[in-house]
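What follows is a single structure, written as structure tokens, with notes after it.
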Amino acid sequence: MSYAIDLFIDGKRVAGEGETEFICRNPATGEEIGRFREASPDQIEAAIASATRAQKDWAAMPAEDRGRILRKAAEILRSRNDELARIEVQDTGKPIAEANVVDIQTGADAIEHYANLAGSLAGEYQDFGYGFYYTRREPVGVCGGIGAWNYPLQIACWKSAPALAAGNAMIFKPSELTPINAVALAEIYCEAGMPPGVFNVLQGERNPGAALAAHPAVAKVSLTGSAPTGRKVMEAASPRLKEVSLELGGKSPLIIFDDADPEYAARLAMYANFLTQGEICANGTRVFVQADVYDDVLEEIVKRTKTLRVGAPDDPETQIGALISENHLGVVSGFVERAREAGATILCGGHRVDVAGHQGGAFYAPTVIADSTDDMEHVREEIFGPVMTVLKFDTEDEVVARANQSDYGLAGGVVTKDLVRAHRVAASVQTGMFWINTYQAQPMQIPFGGYKQSGIGRENGWDVLDAYTQKKSVFVQMKPEDLPF
Ligand code: NAD
């Protein structure tokens, strides 16, 4: 299967005209599924000019009408679920069992959610007798969105839905590794009635992203990616004091107390680590287990992890698909090899897997590591693969202190039957998202984002609408004023 991978500017697909050519590969086979040139500097300018033109009319449209167009787009997206999920599987290597029910659906959920809120974006009012004030929530203008490769379509939807609902235009740049479905989303928006230019797509790697971050006509940029890229985007945006939202990486703690059911705790730890073969920013990769249940929970985790089905992503029975690339497999296995050399014990996994009929596939066995110390590299750094580290602790104070010993602060979780302790721990762990007796739950109403090096700003919830609007205060004098001049 080969896909046409284009840019989308002013309502039309156009081939990239930049210098660098990219080859898009199916990570499960290594086969080429399309190739494209990045956006040229002229095409970047054309996309920004088109968005600047389109944004004015889009913002002037009654918000309920914008909402209606977005709702229609969500409907089309859902009706094309199976086809888009199959593309997402070829682009990312993730299992079809996940893509079918998560990727497209949660993208449509976001569009629907912000479509419904569009008409309720209102300001404040207060009367002082001699006058009154009100606030206007105005769009910020043209926004840039830059995506990671783990949830390509979902990220494009999560960024564009609130931006567009609030009357902005967006230029979205997907990861060069997963370029296909962003253009499908652009076509769906147009089919739903969105005017050309309101949502444009640029392809490429660093160049178009950096150009959006630096360009004077782009008012805001929102990145989902790694912390090093976050720093570069912020630096590029800083000469213009441009607003940035950064959704970055993590090294999240999942804390299991000794009153937890060992089987449930083990299954939750796996869910917190092996979904999308571990390529999820919020994953609870540091699993702290209290000493009394440590052996039982660890045994259950290892026993169950060994039964996970690593296989062809398009097989509905597959639980662990291919990593995003051969290169990334090298990064993941490098972390595990260095963990081994540092003295940690690899209890299962720790090697690549051959899948029949998929010789060039980047498959890696789900891996559980024990006997680690908090200062080891694999305990401190984000691996972004199917690698769980299980650590032992004795007391609540100790585990909270160790959980917080991280430069990251994206997410965390606790498993306990003691609700007072659960809330106390939730209040003490320094992360932007925290789950009690579950993990990964992410309804659109919940603001999501990181503390510390995990990012700036929030996606989802009402908060993201604050990020995509600016407040203007208008004061009205109703009585003649005694002016001093
Ligand atoms: P990455 O930082 O390598 O790339 C992210 C995006 O930035 C890509 O589109 C890339 O082309 C672009 N880019 C690269 N250099 C750039 C530059 N100088 N200026 C502008 N854009 C640039 O990240 P990745 O490998 O695609 O994704 C994995 C990372 O994303 C992990 O750290 C993961 O935790 C994080 N992530 C975070 C969230 C979240 O919501 N917090 C969600 C998914 C992934």
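We count ligands from 1, going down the list as the structure has it; atoms in each ligand are counted the same way. Side chains are part of it too, since the values below use all heavy atoms of this structure and drop only hydrogens, waters and symmetry mates.
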Validate the cation-pi geometry between Lys159 and Tyr468: distance from NZ or CZ to the six-membered ring centre under 6.0 Å, angle to the ring axis within 45°.
->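 Not satisfied by the 6.0 Å and 45° rule.
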Decide whether a cation-pi geometry holds between Arg286 and Phe288; the criteria are a distance under 6.0 Å from NZ or CZ to the six-membered ring centre and an angle within 45° of the ring axis.
->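 No, cation not above the ring by the 6.0 Å, 45° rule.
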Is any side-chain N of the basic residue among Arg380 and Asp374 closer than 4.0 Å to the acidic one's carboxylate O?
-> no
Output yes when Glu381 and Lys251 qualify as a salt bridge under the 4.0 Å nitrogen-oxygen rule, no when they do not.
-> no
Who are the residue neighbours of ligand 1 when the rule is a heavy atom under 4.0 Å from any of its atoms?
-> Ile146, Gly147, Ala148, Trp149, Asn150, Lys173, Pro174, Ser175, Glu176, Glu205, Arg206, Gly209, Ala210, Leu223, Thr224, Gly225, Ser226, Thr229, Lys232, Val233, Glu247, Leu248, Gly249, Cys281, Glu382, Phe384, Leu410, Phe448
Only one of Thr318, Thr276, Thr92 passes side-chain hydrogen bond (donor to acceptor under 3.5 Å, both in side chains) with Glu98, and that residue is Thr276
Under 3.5 Å, which donor-acceptor pairs link side chains of residues 236-245 to any protein atom two or more places apart or in another chain?
from   : atom 1 : to     : atom 2 : distance (Å)
Ser238 : OG     : Glu235 : O      : 2.9
Lys242 : NZ     : Leu212 : O      : 3.2
Lys242 : NZ     : Ala213 : O      : 2.8
Lys242 : NZ     : His215 : O      : 2.6
Lys242 : NZ     : Val218 : O      : 2.9
Ser245 : OG     : Lys220 : NZ     : 2.6

